[in-house]
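Worksheet for the structure shown next.
In what follows, every chain begins at residue 1, and chains take the letters A, B, ... in the order their sequences are listed.
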Amino acid sequence: MKHLTGFQRKVFEVVQKIPKGSFLTYKKVAEEAGFPWAWRAVGNVLNKNKNPKIPCHRVIRSNGKIGGYNKGVKKKMSLLLEENVVTKR
DNA sequence: CGTATGACGTGCA
DNA sequence: GTGCACGCCATAC
């Protein structure tokens with residue numbers, strides 16, 4: 001797990017704790033992580049994140065858009081449709 | 001150590 | 001409701 005900063009570790013913790021069938025926005029994750037002012041960094045951390053243990057696909061934008069996914073946005077949409085049971089857009 | 005980037009968010013036209 | 005621009009934080013180079 002290497003040397004993650006408290007920020008990243010916290011973000012991973014929160015994202016990993018997201019219950020199935022639910023999703024959080026980047027800003028919400030940052031807020032839950034304890035860094036509500038660094039919602040920007042949340043997306044960056046997840047982007048560079050290579051940990052498959054982190055359901056980063058459950059984190060979407062506040063715009064209601066899916067956002068992105070380092071494994072493929074298409075994959076993220078599929079996961080959201082299957083796990084979060086959400087509608088397209 | 002300094003600069004640039006990015007899976008964002010909000011504001012304004 | 002949609003599009004463009006700016007601001008923001010942390011990380012990577």
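The CE-P distance, from A:M77 to B:dA7, rounds to 16 Å in whole Å. When the P atom of B:dA7 is taken as reference, atom NZ of A:K27 falls 19 Å away, rounded to whole Å. One interatomic measurement links the two molecules: NZ of A:K65 to P of B:dT10, which rounds to 13 Å at whole-angstrom precision. Distance, A:R9 CZ to C:dT11 C1': 16 Å, rounded to whole Å. Across the protein-nucleic acid pair, A:L79 atom CG and B:dA7 atom C1' stand 14 Å apart, rounded to whole Å. Put simply, CZ on A:F7 is 12 Å from P on C:dA12, counting in whole angstrom units. To the nearest angstrom, P of C:dC9 lies 7 Å from CH2 of A:W39. With rounding to whole Å, A:W37 atom CH2 is found 13 Å from C:dC8 atom C1'.
Side-chain contact check for A:H57 versus A:S78: every heavy-atom pair is 4.5 Å or farther apart. The shortest side-chain heavy-atom distance between A:N84 and A:R58 falls under the 4.5 Å cut-off. Looking at heavy atoms from C-beta onward, A:V59 lies in side-chain contact with A:I18 at the 4.5 angstrom threshold. A heavy-atom distance below 4.5 Å is not found between the side chains of A:V42 and A:F35.
Judged by atom type and distance alone, A:Y69 does not reach the base of B:dA7 through any side-chain donor-acceptor pair under 3.5 Å.
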Starting from the C-alpha separation in whole Å, work towards a yes-or-no answer on salt bridge (charged side-chain N to carboxylate O under 4.0 Å, His left out) for A:K17 and A:E13.
CA-CA 6 Å; A:K17 282 174 183 193; A:E13 190 81 3; 3.1 Å; yes
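In this structure a side-chain-to-backbone donor-acceptor pair under 3.5 Å is present from A:K76 to A:G68.
Sorted by residue number, the members of residues 41-57 of chain A with any non-hydrogen atom under 4.0 Å from DNA chain B read A:G43, A:N44, A:L46, A:N47, A:C56.
The minimum heavy-atom distance linking A:N70 with A:N49 is given by the pair ND2-O, 3.1 Å.
In the set B:dA7, C:dA10, B:dT10, C:dA10 carries the atom at the smallest distance from any side-chain atom of A:T5.
The side chain of A:R61 contributes no N or O atom lying less than 4.0 Å from OP1 or OP2 of B:dA7.
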